[in-house]
Structures are given as structure tokens and as C-alpha cells.
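Below is one structure; the comments refer to it alone.
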Amino acid sequence: MFTWLQNRENITFTIAIIGCVISIYNFTSSFLRSRTRIKISIPHVFRIKTYKGCTDVIHCKILNYSSNPVVISRLTVSNEECNGSFGMYRRNFFSTSVKRDTLVVEKKDWYSDNFPTKIEGNGCANLFLISDGKDPVLLSGKQNLVKLYTANKTVNYKLQFTDFSEIAKIAECREPN
């Protein structure tokens with residue numbers, strides 16, 4: 001082996017092979033770090049009665065596994081009966097208050113989040129998203145297709161749940177704002 005390395009051409013060839021391997025490694029690791037990788041989970045779905053009827057609220061957790069920030073521009077839900085979008089408006093959707101006699105001692109308000117939302121690299125977002133229309137969009141016991149839109153990618157998530165979460169669980173999901 002050492003006699004093979006005594007030739008100058010063989011040494012140049014060995015250095016070129018090592019440089020090529022290092023270049024391929026750097027390119028591959030850079031590509032894998034910078035590609036958009038998003039995971040979405042929806043632990044709770046709420047149906048809230050309003051003065052106009054009822055609306056749906058999604059408690060959504062979005063994880064950004066890439067090293068670059070991601071901007072979420074839109075979320076839509078479709079099923080066999082209807083389509084709708086979420087997160088266009090910021091609205092107060094739940095309030096609690098503590099009273100002593102007639103005096104309000106403490107009041108907490110929960111507001112929905114809206115898009116666009118920026119998620120930093122290796123970060124997460126804990127969102128409450130309210131439907132944009134007046135009519136309910138989500139169907140319990142049936143397949144709902146959730147699409148999350150970013151600048152580079154569309155993430156599909158199949159949501160099927162048996163029943164809507166109790167409204168009191170909102171306080172467990174996130175602090176009021």
C-alpha cells in the first residue's frame with residue numbers, strides 16, 4: 001500500500017476522492033437541514049355556540065423540524081359535506097370570570113390566532129384557530145382533511161375524531177391572552 005502512495009499521481013487521486021466524499025456529505029447534510037419539515041397535531045376540536053349559531057375551534061400544535069423559519073399562510077379543512085378555512089380573523093371565543101358578590105375579581109379572555117404565523121427554526125406554535133364562516137365545518141366520526149399551506153410546501157393531515165372536546169379544556173390548552 002505504501003508503495004502505491006509513493007507515486008505522485010496516486011496521492012493526487014486519493015486526495016480528490018476524499019474531497020469528493022466530503023463535498024457530497026456537506027451537500028447532503030445541508031439539504032437535509034434546510035428542507036421544510038413540519039409536523040401538525042390537533043389534540044382538541046371545540047364547537048362553540050355563538051349568537052349566530054355555532055363555530056368550530058381547532059387547538060393546533062405545529063412543529064418546525066427544519067433549521068429555517070417557516071411562515072404558515074393558511075389552513076383549510078375539507079370533508080365529504082363542506083369545505084372551510086381557519087385562522088383568517090382574530091376573535092374572542094371564550095371568556096371566564098370570577099365574581100365576588102356583584103364585583104368581577106378576575107376575568108380571562110381567550111382569543112383565536114390568525115395567519116400568517118412565523119415559526120422559527122426548530123420551533124413550535126400552539127394555536128387556537130377559529131373557522132372563518134358562520135357554519136360548522138368539522139364533522140365528528142368522519143374523515144376531515146386538514147391542509148396547512150406554507151411558501152414551500154403543503155402539509156396534509158387526516159383528522160378523525162369521535163366527539164368534540166369539552167369547552168372547559170380550553171383553559172388546560174393554553175393561558176389566556
Side-chain angles (χ1 to χ4, degrees), residues 1-46 56-90 110-133 137-162 164-165 169-170 172-175 177:
M1 165 119 183
F2 292 108
T3 58
W4 187 77
L5 287 176
Q6 290 176 352
N7 187 352
R8 184 176 237 169
E9 293 172 357
N10 293 340
I11 293 173
T12 305
F13 178 71
T14 304
I15 291 172
I17 294 292
I18 292 171
C20 180
V21 169
I22 291 172
S23 294
I24 290 172
Y25 172 78
N26 286 337
F27 174 76
T28 306
S29 64
S30 174
F31 174 75
L32 292 176
R33 267 195 317 270
S34 65
R35 73 181 179 150
T36 304
R37 290 176 295 163
I38 297 173
K39 182 182 176 195
I40 179 173
S41 67
I42 300 176
H44 300 286
V45 177
F46 302 99
D56 293 334
V57 176
I58 295 176
H59 175 221
C60 178
K61 295 181 179 182
I62 304 170
L63 300 168
N64 179 11
Y65 287 111
S66 62
S67 59
N68 296 333
V70 173
V71 177
I72 310 293
S73 60
R74 187 166 73 130
L75 184 137
T76 62
V77 175
S78 61
N79 52 48
E80 58 192 38
E81 292 185 21
C82 59
N83 299 329
S85 60
F86 284 76
M88 189 174 289
Y89 305 108
R90 180 174 164 84
W110 279 264
Y111 289 88
S112 64
D113 298 294
N114 59 339
F115 292 122
T117 298
K118 181 179 180 182
I119 304 173
E120 293 297 329
N122 299 316
C124 67
N126 186 14
L127 306 172
F128 280 122
L129 301 171
I130 196 163
S131 62
D132 298 337
V137 177
L138 297 165
L139 298 175
S140 63
K142 305 231 175 163
Q143 187 90 9
N144 297 280
L145 180 63
V146 178
K147 288 187 177 184
L148 189 69
Y149 295 90
T150 69
N152 302 331
K153 187 176 186 180
T154 301
V155 178
N156 295 324
Y157 178 79
K158 292 181 180 173
L159 171 66
Q160 188 167 357
F161 58 97
T162 54
F164 291 95
S165 300
K169 288 196 178 251
I170 289 176
E172 297 173 11
C173 296
R174 189 175 78 187
E175 287 293 315
N177 35 350

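Along the sequence shown, the residues carry numbers beginning at 1.
- Side-chain contact between Lys147 and Val155 is absent, with no heavy atoms from C-beta onward closer than 4.5 Å.
- The minimum heavy-atom distance between Pro116 and Val71, with the atom names listed, is CB-CG1, 3.9 Å.
- For the pair Ser112 (side chain) and Tyr89 (backbone), a donor-acceptor distance under 3.5 Å is present.
- Annotation: the span from Ile62 atom CD1 to Ile42 atom CD1 amounts to 8.5 Å, rounded to 0.5 Å.
- Within the structure, the salt bridge (charged side-chain N to carboxylate O under 4.0 Å, His left out) test picks out no pair touching residues 14-24 (sequence neighbours left out).
- Across all non-hydrogen atoms, the minimal contact from Cys82 to Asn79 is N-OD1, 2.9 Å.
- Taking the side chain to side chain donor-acceptor pair (under 3.5 Å) definition, one finds that Thr150 meets it with nothing, sequence neighbours left out.
- Closest heavy-atom contact between Asn122 and Ser67: ND2-CA, 4.2 Å.
- Scanning for ring-ring contact (aromatic ring centres under 6.0 Å, His included) contacts around Tyr157 gives an empty result, with sequence neighbours left out.
- Side-chain atoms of Leu138 and Ile58, non-hydrogen and from C-beta on, do get closer than 4.5 Å to each other.
- Listed by chain and number, the residues in a side-chain contact (heavy atoms from CB on, under 4.5 Å) with Ser73 are Tyr149 (sequence neighbours excluded).
- Judged as a side chain to side chain donor-acceptor pair (under 3.5 Å), and not counting sequence neighbours, the contacts of Ser85 are Asp132.
- The stretch residues 121-131 participates, sequence neighbours left out, in no salt bridge (charged side-chain N to carboxylate O under 4.0 Å, His left out) pair at all.
- Residues satisfying the side chain to side chain donor-acceptor pair (under 3.5 Å) test with Thr76, not counting sequence neighbours, are none.
- When atom types are taken as modelled, the side chain of Lys169 and the backbone of His44 share no donor-acceptor pair closer than 3.5 angstrom.
- Taking 4.5 Å as the limit, some side-chain heavy atom of Ile72 sits within range of a side-chain heavy atom of Ile38.
- Listed by first then second residue, pairs satisfying salt bridge (charged side-chain N to carboxylate O under 4.0 Å, His left out) with a partner in residues 61-85 read Glu80-Lys142, not counting sequence neighbours.
- Classification of the Phe128-His59 ring pair by plane angle, with boundaries at 30° and 60°, yields tilted.
- To the nearest 0.5 Å, atom CD1 of residue Ile17 and atom CD1 of residue Ile22 are 12.0 Å apart.
- Checked against side chain to side chain donor-acceptor pair (under 3.5 Å), Asn68 has no partners two or more places apart in sequence or in another chain.
- Side-chain contact check for Leu75 versus Leu127: every heavy-atom pair is 4.5 Å or farther apart.
- The side-chain contact (heavy atoms from CB on, under 4.5 Å) check on Ile24 picks up Cys20, Thr28, with sequence neighbours excluded.
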- [ ] Determine, step by step, whether Ile170 and Val57 satisfy the side chain to side chain contact (heavy atoms under 4.5 Å, CB included) criterion, reporting the C-alpha distance in whole Å, the side-chain angles of both residues, the deciding distance to 0.1 Å, and the verdict.
- [x] CA-CA 10 Å; Ile170 289 176; Val57 176; 5.8 Å; no

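- Heavy atoms only, all atoms of each residue included: Cys124 and Leu63 are closest at CB-CD2, 3.3 Å.
- Counting only residues at least two apart or on different chains, the salt bridge (charged side-chain N to carboxylate O under 4.0 Å, His left out) pairs with a member in residues 111-124 are Asp113-Arg174, Lys118-Glu120.
- In this view, Phe164 and Phe161 satisfy the ring-ring contact (aromatic ring centres under 6.0 Å, His included) rule, not counting sequence neighbours.
- Across all their heavy atoms, Phe46 and Cys173 have their closest contact at CZ-SG, 4.2 Å.
- The shortest non-hydrogen separation linking Val137 to Asp56 is N-OD2, 2.7 Å.
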